[in-house]
Protein chains: 2
Amino acid sequence: MRKVSDPTVSRLSLYLRILTELQEQGQSTVSSEELARRGGTTAAQVRKDLSFFGTFGKRGLGYGVPDLLAKLRSILGLERRWRVALVGLGKIGSALLGYQDFRRQGFHVEAVFDADPAKIGRRWDGLEVRSAAEMEDVLREQEIDIVIVAVPAEAAQEVVDRAVRAGVRGILNFAPTKLHVPPHVALRSVNMTVELEGLSYALSNGGREAAGRRSGVGGDRS
Amino acid sequence: MRKVSDPTVSRLSLYLRILTELQEQGQSTVSSEELARRGGTTAAQVRKDLSFFGTFGKRGLGYGVPDLLAKLRSILGLERRWRVALVGLGKIGSALLGYQDFRRQGFHVEAVFDADPAKIGRRWDGLEVRSAAEMEDVLREQEIDIVIVAVPAEAAQEVVDRAVRAGVRGILNFAPTKLHVPPHVALRSVNMTVELEGLSYALSNGGREAAGRRSGVGGDRS
DNA sequence: GGATGTGAATGTCTTCACAGCT
DNA sequence: AGCTGTGAAGACATTCACATCC
């Protein structure tokens, strides 16, 4: 199971979501064909993706929904609770704090930081906003796994450097800038501007050259 | 200039941002080497990306900053103004409406829709919130180019179908679900859950298998 | 019979390496 | 001398096609 590509991992998330829906609808079994149709990919791709991690299906039958669901949650590391910190309480940071849909997948925001004295000390959603100055200490004390960076572009790299120094091993970046992290730290970015510009390109240059994969976007590599 | 890959287009956005910074700092020329270092890629990659669109550099010298900036803006279709509509005024939609950093690149939100009667008719940032029921008409009247989908997953596909029927050719999806569009429509997605799960996978499975690309990760194809 | 799992083939993207300008 | 532009090579990802098993 070494060397699984990133597109594959992203598709696993997708399958997980589809399987969750299927389970809610009480469907007990699913074929690679059906997963592919719902996920906008191909049956061969689904089977190949899963084959990197083991052999979960039954030939002639397909995959057991609850079974595959459990396997995927395990593969993606979603059986444990992840301790997340949010840095930056501007428009985007506040929205994320309010949204928290990802909490259901085990991502819990345990600390919130901002540099603005007017915000420090206030409570947002049951959490006290801490000063960005005490970031390293708090990240360490709270054993934060993942930091969500929602600060202006100019401040983002410094936040990352400090988080990495405090032992954080995962960064989710919302700042519209390219960040650099050491090899042992995982980085993903969400960059709306890149996506909009991709649409602009697609709309400008004929209709038929499409937009693209990776929504996701962005393209980091840790 | 046919058949340019999506990763290439995303990197053009990145170069554009770097060039903007360089210009603000008054730097007149830049090498593929420097663009690569700042952009977290390689010099060969930068040159290859640009070569799809023409020959913009001077051998022995590098690229002229203002010149390349102008070329990229033209390639990405950023010389015109794009008419954008936002559908869904929940946490994320409201944040986007408040954020609007992308306005500087020519993306103007001209219409806002929500299904909640309590929100319809209110003014947000100078725009009256319209009923989702009148979406098709307004999209057509206002000649909207791009629709940002910020509704719950269950409602997203219907919003897209209606937008497409109204002539919209670009969709930016924030709903945590896979959307399907006809070939002539460009689609990009931003899916935070996929990115977080990618981090979870990376953190779980050894430290050394990194996270990935394309932030942006998501992966559509129109 | 029906659907998986997978080597082999194909396709796509990145990196190399160097010829060619300035 | 320096740095671009690019064909060719290499790495990576997807698709094909079929043997395999329930």
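Just so it is clear, the model here is predicted, and its values are computed rather than measured. Naming: A, B, ... by sequence-line order, numbering from 1 per chain. What you see below is based on every heavy atom in this structure, not just the backbone, and it leaves out hydrogens, waters and symmetry mates.
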Strictly below 4.0 Å, heavy-atom distances to any atom of DNA chain D: list the hits from residues 62-72 of chain B, or just say none.
B/Gly62, B/Tyr63

Using the side-chain contact (heavy atoms from CB on, under 4.5 Å) criterion, which residues pair with B/Asp161? Sequence neighbours excluded.
B/Gln157, B/Arg165

Taken to the nearest whole Å, CZ/B/Phe56 to P/D/dC3 is 20 Å

For B/Glu158, give me all partners under side-chain hydrogen bond (donor to acceptor under 3.5 Å, both in side chains), at least two apart in sequence or on another chain.
none

Pair up each side-chain donor or acceptor in residues 87-98 of chain B with any protein partner under 3.5 Å, not counting sequence neighbours, and list the distances.
unit_1  : atom_1 : unit_2  : atom_2 : d
B/Ser94 : OG     : B/Leu89 : O      : 3.1
B/Ser94 : OG     : B/Gly90 : O      : 2.6

Ignoring backbone atoms, test whether A/Arg11 places a side-chain nitrogen or oxygen under 4.0 Å from the OP1 or OP2 oxygen of D/dA13.
no

Heavy atom of residues 14-41 of chain A under 4.0 Å from DNA chain C: which residues?
A/Ser31, A/Ser32

Hey, could you give me each pair passing side chain to side chain donor-acceptor pair (under 3.5 Å) that has a residue in residues 51-61 of chain A? Not counting sequence neighbours.
none

Contact under 4.0 Å: B/Gln45 side-chain N or O vs C/dT15 OP1/OP2
yes

Check residues 18-26 of chain B and write down every donor-acceptor pair under 3.5 Å in which the side-chain atom is one partner and the other belongs to a residue at least two apart or another chain.
unit_1  : atom_1 : unit_2  : atom_2 : d
B/Thr20 : OG1    : B/Leu16 : O      : 2.7

Expressed as a whole number of angstroms, how long is the span from B/Phe52:CZ to D/dT6:C1'?
10 Å

List the residues meeting side-chain hydrogen bond (donor to acceptor under 3.5 Å, both in side chains) with A/Arg47, not counting sequence neighbours, and say none if there are none.
A/Ser32

Go through the structure and list residues passing salt bridge (charged side-chain N to carboxylate O under 4.0 Å, His left out) with A/Arg80, not counting sequence neighbours.
A/Asp145

Sequence neighbours excluded, the answer for side-chain hydrogen bond (donor to acceptor under 3.5 Å, both in side chains) partners of A/Tyr63 is none

Going 5' to 3' along nucleotides 16-22 of chain C, which nucleotides have protein heavy atoms under 4.0 Å from the base (write B), which only from the sugar-phosphate (write S), and which from neither (write -)?
BB-BBBB

Residues that A/Asp101 engages under side-chain hydrogen bond (donor to acceptor under 3.5 Å, both in side chains), provided they are two or more places apart
A/Tyr99, A/Arg104

Please check if atom CD in B/Glu136 has more than 12 non-hydrogen atoms from other residues, nucleotides or ligands closer than 6.0 Å.
yes

